[in-house]
Q: 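This is the structure I have questions about; it appears just below.
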Amino acid sequence: MLLLQQLKNDQQAVIAALAKRNLEAAPLIEEVLALDERRRALQTELDQNSARANQLAKSIGQLFQSGKAQEAEALKSETAQLKDLNKQIQQEMDACAQSLQEKLYLLPNTPHHSVPHGKSAEDNETVFEAGRIPSLHQDAMPHWDLAKKYDLIDFELGVKIAGAGFPVYKGKGARLQRALIQFFLDFNTEAGYTEIQPPHLVNEASGYGTGQLPDKEGQMYHVGVDDLYLIPTAEVPVTNLFRDVLLAQNQLPVAYTAYTPCFRREAGSYGAHVRGLNRLHQFDKVEIVRVEHPERSYQALEEMVDHVKKILDALQLPYRILRLCGGDMGFTSALTYDFELYSTAQERWLEISSVSNFETFQANRLKLRFKDEAGKNQLCHTLNGSALALPRVLAGILENYQTPEGIRVPDVLVPYTGFDLIS
RNA sequence: AGAGAGGUGGCCGAGUGGUCGAAGGCGCACGCCUGGAAAGUGUGUAUACACCAAAAGUGUAUCGAGGGUUCGAAUCCCUUCCUCUCUGCCA
């Protein structure tokens, strides 16, 4: 959620920034400001009336105590009037505040100045490429065929148990996936991230805290009986650990890592590009989350990008880094770098990580603040990134590491898998 | 799931109708004391919103949340959420 203060002070700058998202925000911002003005006027009126009523109550009490019951009775009628009036004012003010809130929820985060202009994924800017794209043997296959050949993943069985997009991992496939999770967690922990095991279901307030609600209501699985949501990413429970939190400055920065399964309904996505592991309803992911001092958040973002690079270097996979353009960026982000892994057998890039700085956008909703040197409460900056999302990394390894003799296991994973070849 | 107890400031904890944004303690900050530290001692120490150009200041709201009774509610009533104890169930 954008800061009202920011809208008031830099209205034009906000409109210009949001234009990068191809959004004409001026009319909405006008509405927001008008509502705010009305709300403030009502607040002032309400406060004055309440002050008067408090005064009267005090006088009435004193009059009763000194036995002047008649005078006291006379004052009561005014307080009754004030009370009725205030009820109306309060109602209108609440309506204003709610409407204001709803409109603020509609405004996405303002893109960082380095975000390129653009409408779609085609306009993203490639900022880095690394790794060697292997030349595969003639009978090389996409991962879904490899998975079948070596009995690593059974998609049909998953359909029977739950539905499409819920794969069943078997034998060395399951083991390889677990090895990756373990490797990622160890790698993150060694870099200073504290491991967290959060709940996999969250309440509504948490959904609002990180911005999934109300924006992406339909994308989360909802457990109706208990009114809980299955997490679409560990970002939700981990970032919400800091909802309504006031940190001391020396508690910053916070760096957490968490492995969780992720659940996404992904309604309406079908076809060739969602085959195999490319797009799932349930998948595993290891996430990194940071809470930073505003002045350090962009440095932190670079550190996170660097960290993810190291993971991919260690796995010796070919990848590139994109700076997302305004049209392709997520609702809550100010700047996002996507990592894409080259899938040699599919001859396409697969997104495996998204690293973002949300600045104060989430912190504002979360009420996540710290006390600065002057003793003032300031909003923190929040960041997160995948390190990494499992299925596509698994797909990339299966495809890029295949040989006529079988699938080799990346060296760094062998201690975790206990085998170096899938055959 | 049933029965009972309870939710008060950063933490602990007092407070059953007005003088309560709230005693006392701990913690924290600054000062005094000290060669230095501890102890001692003094002062300060919630959040949000509104008014004000701003600071100072003033007002309003907040004792889990929402509603009600009352001139006046942390305190009484209702609803709801949560926590704890016992019983039941259970990995």
Side-chain angles (χ1 to χ4, degrees), chain A residues 1-11 32-104 197 199-209 213 223-229 237 240-252 254 261 291 360 363-380:
Chain A
M1 189 165 64
L2 291 177
L3 296 160
L4 197 53
Q5 198 59 32
Q6 194 184 352
L7 295 181
K8 279 198 261 191
N9 296 345
D10 299 313
Q11 189 177 352
V32 165
L33 293 178
L35 279 167
D36 175 57
E37 199 169 324
R38 178 76 187 133
R39 203 210 95 244
R40 274 169 26 229
L42 289 166
Q43 174 90 61
T44 304
E45 199 181 338
L46 182 71
D47 284 357
Q48 283 166 355
N49 288 346
S50 300
R52 173 75 185 143
N54 286 344
Q55 251 175 23
L56 284 171
K58 216 169 249 180
S59 314
I60 290 169
Q62 282 165 1
L63 288 172
F64 271 126
Q65 271 174 9
S66 52
K68 300 174 183 167
Q70 260 188 340
E71 288 176 50
E73 288 297 336
L75 290 181
K76 277 193 189 178
S77 67
E78 191 182 343
T79 60
Q81 271 176 23
L82 280 172
K83 201 176 163 185
D84 279 352
L85 186 58
N86 274 355
K87 204 170 234 177
Q88 283 172 34
I89 296 173
Q90 183 79 53
Q91 259 173 20
E92 195 188 340
M93 200 174 86
D94 289 348
C96 263
Q98 202 193 329
S99 173
L100 180 68
Q101 185 81 328
E102 281 163 9
K103 297 219 188 297
L104 275 176
Q197 279 188 20
H200 298 168
L201 280 82
V202 295
N203 56 26
E204 191 182 32
S206 299
Y208 275 95
L213 294 173
V223 183
V225 204
D226 296 298
D227 197 15
L228 293 169
Y229 294 87
N240 270 282
L241 296 176
F242 294 94
R243 179 151 44 83
D244 295 317
V245 164
L246 180 60
L247 294 166
Q249 184 159 303
N250 63 17
Q251 290 177 279
L252 295 174
V254 175
V291 179
T360 58
N364 189 26
R365 283 198 196 182
L366 291 163
K367 294 206 192 74
L368 164 55
R369 296 157 303 166
F370 71 98
K371 211 170 256 303
D372 67 16
E373 281 134 4
K376 292 235 175 192
N377 297 339
Q378 270 194 58
L379 290 170
C380 301

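In what follows, every chain begins at residue 1, and chains take the letters A, B, ... in the order their sequences are listed. Just so it is clear, the model here is predicted, and its values are computed rather than measured.
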Q: So, applying side-chain contact (heavy atoms from CB on, under 4.5 Å) with A:Lys367, which one of A:Asp244, A:Leu246, A:Asn377, A:Leu379 is it?
A: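 Of the listed residues A:Asp244, A:Leu246, A:Asn377, A:Leu379, the side-chain contact (heavy atoms from CB on, under 4.5 Å) partner of A:Lys367 is A:Asp244.
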Q: Could you state the CG-P distance from A:Leu46 to B:U62, rounded to the nearest angstrom?
A: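 In whole Å, B:U62 P and A:Leu46 CG are 11 Å from each other.
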Q: Within this structure, what is the CG-to-P distance between A:Asp244 and B:G64, rounded to whole angstrom?
A: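 Whole-Å distance recorded here is 16 Å.
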Q: So what's B:A73 paired with, Watson-Crick or G-U wobble, going by both distances under 3.5 Å?
A: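 The base-pairing partner of B:A73, which may sit in any strand shown, does not exist here.
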Q: Which whole number of Å gives the distance between the P atom of B:G2 and that of B:U79?
A: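 Nearest-Å result for B:G2 against B:U79 at atom P: 15 Å.
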Q: Across all strands, who's sitting opposite B:G6 as a Watson-Crick or G-U wobble pair, both distances under 3.5 Å?
A: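 Pairing partner, where one exists within any strand: B:C82.
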Q: Looking at side-chain heavy atoms only, is the closest gap between A:Leu2 and A:Thr360 below 4.5 Å?
A: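 When only atoms from C-beta onward are counted, A:Thr360 and A:Leu2 do not touch, as no gap falls below 4.5 Å.
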Q: Between B:G6 and B:C76, how many Å separate the two P atoms, rounded to a whole number?
A: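 Between the two P atoms, the distance is 11 Å.
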Q: A quick test of your reading: do over 12 heavy atoms of other residues, nucleotides or ligands sit less than 6.0 Å from CD of A:Glu73?
A: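 Yes, enclosed.
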Q: If you pin A:Ser50 and A:Lys58 to their nearest nucleotides in RNA chain B, which one's is more 5'?
A: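 Its nearest nucleotide lies further toward 5', so the answer is A:Lys58.
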Q: Classify the nucleic acid contact of A:Asn49 as base, sugar-phosphate or nothing, counting any heavy atom under 4.0 Å across all strands shown.
A: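 Touches nothing.
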Q: Quote, to the nearest angstrom, the C1' distance that separates B:G72 from B:A61.
A: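 Here B:G72 and B:A61 have their C1' atoms 16 Å from each other.
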Q: With a non-hydrogen cut-off below 4.0 angstrom, is A:Arg52 in contact with a base, only sugar-phosphate, or nothing?
A: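 Nothing, no heavy atom under 4.0 Å.
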Q: Just the rounded figure in Å: distance from P of B:G59 to CD1 of A:Ile89.
A: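 Distance check: A:Ile89 CD1 to B:G59 P gives 19 Å.
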Q: Nearest-Å distance, CG (A:Asn377) to P (B:U45)?
A: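 From A:Asn377 CG to B:U45 P: 15 Å.
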Q: Say we look at B:G21 and B:G40: how far apart would their C1' atoms be, to the nearest angstrom?
A: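 B:G21 and B:G40 have their C1' atoms separated by 30 Å.
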Q: Could you check how far CD of A:Gln101 sits from C1' of B:A48, rounded to whole Å?
A: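 Answer to the nearest Å: 14 Å.
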Q: Which nucleotide wins on minimum distance to the side chain of A:Ile60, given the candidates B:A48, B:C49, B:C71?
A: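 Looking only at heavy atoms from C-beta outward on A:Ile60, the closest nucleotide is B:C71.
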Q: Between B:G64 and B:U45, how many Å separate the two C1' atoms, rounded to a whole number?
A: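 Between the two C1' atoms, the distance is 24 Å.
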Q: Below 4.0 angstrom from OP1 or OP2 of B:C49, is there any side-chain N or O of A:Arg40?
A: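 Negative; the distance criterion is not met.
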Q: Applying the Watson-Crick and G-U wobble criteria at under 3.5 Å, what pairs with B:G36? Answer none if nothing qualifies.
A: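 Answer to the pairing question: none, since B:G36 forms no Watson-Crick or G-U pair.
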Q: Less than 4.0 angstrom from a charged side-chain N to a carboxylate O is my criterion; do A:Glu37 and A:Arg40 meet it?
A: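 A salt bridge is absent here (no side-chain N lies under 4.0 Å from a carboxylate O).
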Q: Between atom CG in A:Leu246 and atom P in B:G9, what is the gap in whole Å?
A: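 In whole Å, B:G9 P lies 14 Å from A:Leu246 CG.
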Q: Rounding to an integer number of angstrom, what distance separates B:G36 and B:G31 when you compare their P atoms?
A: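 Nearest-Å result for B:G36 against B:G31 at atom P: 14 Å.
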Q: Salt-bridge test for A:Glu92 and A:Arg39: reply yes if a basic N is under 4.0 Å from a carboxylate O, no otherwise.
A: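 Judged by the 4.0 Å cut-off on N to carboxylate O distance, A:Glu92 and A:Arg39 do not form a salt bridge.
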Q: Counting heavy atoms from C-beta on, name the nucleotide in B:C49, B:G18, B:U60 closest to the side chain of A:Ala57.
A: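 Nearest listed nucleotide: B:G18.
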Q: Given B:G68, is OP1 or OP2 found less than 4.0 Å from the side-chain N or O atoms of A:Lys87?
A: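 For B:G68, OP1 or OP2 has a side-chain N or O of A:Lys87 closer than 4.0 Å.
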Q: Which nucleotide, if any, forms a Watson-Crick or G-U wobble pair with B:U43, using both distances under 3.5 Å?
A: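 Partner of B:U43: B:A29.
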Q: To the nearest Å, give me how far apart CG (A:Asp94) and P (B:G66) are.
A: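 Whole-Å distance recorded here is 10 Å.
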Q: Please name the nucleotide paired to B:G17 by Watson-Crick or G-U wobble geometry with both distances under 3.5 Å, or report none.
A: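 Here B:G17 is not engaged in any pair, so there is no nucleotide opposite it.
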Q: Kindly say if A:Asn54 contacts the phosphate of B:A61, meaning a side-chain N or O under 4.0 Å from OP1 or OP2.
A: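 Result: yes.
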Q: I'd like to check A:Arg52 versus A:Glu78 (side-chain heavy atoms, cut-off strictly below 4.5 Å). Are they in contact?
A: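 Heavy-atom side-chain distance check passes, below 4.5 Å.
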Q: When you compare B:U80 with B:G27, how far apart are their P atoms, in angstrom units rounded to a whole number?
A: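 Those two atoms are separated by 42 Å.
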Q: Would you mind pulling out the nucleotide paired to B:U58, Watson-Crick or G-U wobble, both distances under 3.5 Å?
A: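 B:U58 is paired with B:A50.
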Q: Applying the Watson-Crick and G-U wobble criteria at under 3.5 Å, what pairs with B:C90? Answer none if nothing qualifies.
A: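 WC or wobble partner does not exist here.
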Q: Can you tell me, in whole Å, how much space there is between the C1' of B:C81 and that of B:A65?
A: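 The same atom, C1', in both gives a distance of 7 Å.
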Q: If you compare every side-chain N and O of A:Arg369 against the phosphate oxygens of B:A48 (OP1, OP2), does one of them come in below 4.0 Å?
A: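 It does, given that an N or O in the side chain of A:Arg369 lies less than 4.0 Å from OP1 or OP2 of B:A48.
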Q: Could you check whether any side-chain heavy atom of A:Lys8 comes within less than 4.5 Å of a side-chain heavy atom of A:Asp36, counting everything from C-beta outward?
A: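 Answer yes - side chains close enough.
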Q: Does A:Lys83 reach a base, just sugar-phosphate, or nothing at all? Heavy atoms under 4.0 Å.
A: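 Counting heavy atoms under 4.0 Å across all strands, the contact made by A:Lys83 includes a base.
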Q: Check whether any side-chain heavy atom of A:Asp227 lies under 4.5 Å from a side-chain heavy atom of A:Asn203, and answer yes or no.
A: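 They are not in side-chain contact.
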Q: Nearest-Å distance, CG (A:Asn364) to C1' (B:A48)?
A: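 Result: 13 Å.
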Q: Map A:Gln55 and A:Lys76 onto RNA chain B by nearest heavy atom, then report which one ends up closer to the 5' terminus.
A: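 In this pair, the answer is A:Gln55.
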Q: Nearest to the side chain of A:Thr44 - B:G18, B:G59, B:A50?
A: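 Among the listed nucleotides, the one closest to the side chain of A:Thr44 is B:A50.
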